[in-house]
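These figures come from a predicted structure and were not determined experimentally. Protein chains get the first letters and strands the later ones, always in sequence-line order, with residue 1 at the start of each.
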There are 2 protein chains.
Amino acid sequence: MSAVDCPVRDVLDRIGDKWSTLILGTLAAGPHRFSAVQRTVPDISKRMLTQTFRDLERDGLVARTVFPTKPPSVEYRLTPLGQTILEPLDVLVRWADRSQADIEAARQAFDTAS
Amino acid sequence: MSAVDCPVRDVLDRIGDKWSTLILGTLAAGPHRFSAVQRTVPDISKRMLTQTFRDLERDGLVARTVFPTKPPSVEYRLTPLGQTILEPLDVLVRWADRSQADIEAARQAFDTAS
DNA sequence: CTGCATCCCCACGGATACTG
DNA sequence: CAGTATCCGTGGGGATGCAG
């Protein structure tokens, strides 16, 4: 399809997926270990956490560091590139907060009208 | 789950879905008829176009006007609220464009390293 | 503690055909 | 032209168990 090679599509897919933004938001506060993120985002499964981390790492937004302790621990943190996405994300979040009431009102109007 | 009542989640889901942003982008240039949007976004099916329009309308981002011509024609246009989402969207698009090369490089590095 | 593999279900979305 | 209804395949993602 025509959108396959669109760079915006990649970003939208990542932003829009269920967990990426929550993880990025968590890491925005500083580096976290695997299990720390899992505690902060309680509903995510190990499987999806691993997979989302890998996607974020592959895109260069998150860096992964293994500490050869026993048992091993792994730390994830935002890369410089990852830091830069926080601002566009924040713009979106602020829009959502600002528009929340309007959207809710529109929905109720739409639902009662139908 | 804990994120169900999060207003940001609603927005992210809409932004992240396959067609909404393309439609919003089309309507940003002005009102369009159903088939006009379908021509601009070639890969979308009638089914998904209708459904996405309804979602956008329900959230108050898009307004739908039926002209009782024969055969009937329907026009879609951004609402004032819909206009306001263009800017956050644009911030995201500009980030995507700016970071495209970095992301691509990170992916290639990641893929060859594995 | 971290992460991979397997199984499995169900919602998303495409194709097609039909109505006003 | 615009929208609806039905069918159906694919894959996202949850649960669980095993490995390093």
Below 3.5 Å, can you tabulate the donor-acceptor pairs from side chains in residues 22-32 of chain A to any protein atom, sequence neighbours excluded?
from   : atom 1 : to     : atom 2 : distance (Å)
T26(A) : OG1    : L22(A) : O      : 2.9
H32(A) : ND1    : G30(A) : O      : 2.6

task = Under the side chain to side chain contact (heavy atoms under 4.5 Å, CB included) rule, collect the residues that match up with T112(B), sequence neighbours excluded.
result = none
ask   = What residues form a side chain to side chain contact (heavy atoms under 4.5 Å, CB included) with E87(A), not counting sequence neighbours?
value = V91(A), V91(B)
Sequence-distant partners of D97(B), salt bridge (Lys or Arg N to Asp or Glu O under 4.0 Å), two or more places apart = none
[N] [atom2] sits how many Å from [X] [atom1], rounded?
| X | N | atom1 | atom2 | result |
| --- | --- | --- | --- | --- |
| K46(A) | dC4(C) | NZ | P | 11 Å |
| K18(B) | dA11(C) | NZ | P | 19 Å |
| I23(B) | dG13(C) | CD1 | C1' | 14 Å |
| E75(A) | dG3(C) | CD | P | 12 Å |
| W19(A) | dG13(D) | CH2 | C1' | 9 Å |
| I44(B) | dC12(C) | CD1 | C1' | 13 Å |
| Q38(A) | dG3(C) | CD | P | 11 Å |

Atom pair [atom1] ([X]) and [atom2] ([Y]), whose distance is rounded to the nearest 0.5 Å:
| X | Y | atom1 | atom2 | answer |
| --- | --- | --- | --- | --- |
| I103(A) | Q100(A) | CD1 | CD | 8.0 Å |
| D17(B) | L12(A) | CG | CG | 9.0 Å |
| L92(A) | L89(A) | CG | CG | 6.5 Å |

inquiry  = Near DNA chain D, counting only heavy atoms under 4.0 Å, which residues of residues 61-72 of chain B show up?
reply    = R64(B), P71(B), P72(B)
task = Output the residues of residues 48-58 of chain A in contact with DNA chain D, where contact means a heavy atom of the residue under 4.0 Å from an atom of the strand; sort by number or write none.
result = M48(A)
Only distances under 3.5 Å count here; give the side-chain donor-acceptor pairs of residues 48-59 of chain B to other protein atoms, sequence neighbours excluded, each with its distance to 0.1 Å.
from   : atom 1 : to      : atom 2 : distance (Å)
T50(B) : OG1    : K46(B)  : O      : 3.0
Q51(B) : OE1    : R47(B)  : NH1    : 3.3
T52(B) : OG1    : M48(B)  : O      : 2.7
R58(B) : NH1    : D111(A) : OD1    : 2.9
R58(B) : NH1    : D111(A) : OD2    : 2.5
D59(B) : OD1    : R107(A) : NE     : 2.6
D59(B) : OD1    : R107(A) : NH2    : 3.2
D59(B) : OD2    : R107(A) : NH2    : 3.4
D59(B) : OD2    : R14(B)  : NE     : 2.9

request  = Using only side-chain N and O atoms of S35(B), determine if any of them is under 4.0 Å from OP1 or OP2 of dA2(D).
outcome  = yes
task = State whether Y76(A) places a side-chain N or O below 4.0 Å from either non-bridging phosphate oxygen (OP1 or OP2) of dG3(C).
result = yes
Would you please name every residue forming a side-chain hydrogen bond (donor to acceptor under 3.5 Å, both in side chains) with [X], sequence neighbours left out?
| X | answer |
| --- | --- |
| R98(B) | none |
| D102(A) | none |
| T65(A) | R77(A) |
| D90(B) | R94(B) |

task = Take the C1' atoms of the five end pairs on each side of the helix from dC1(C)-dG20(D) to dG20(C)-dC1(D), derive the two axes, and give their angle rounded to 10 degrees.
result = 40°
Return the nearest nucleotide to the side chain of [X]; candidates are [options].
| X | options | value |
| --- | --- | --- |
| R47(B) | dT2(C), dA17(C), dA15(C) | dA15(C) |
| R33(B) | dG14(C), dA2(D), dG3(C) | dA2(D) |
| S73(A) | dG14(D), dT2(C), dA2(D) | dT2(C) |

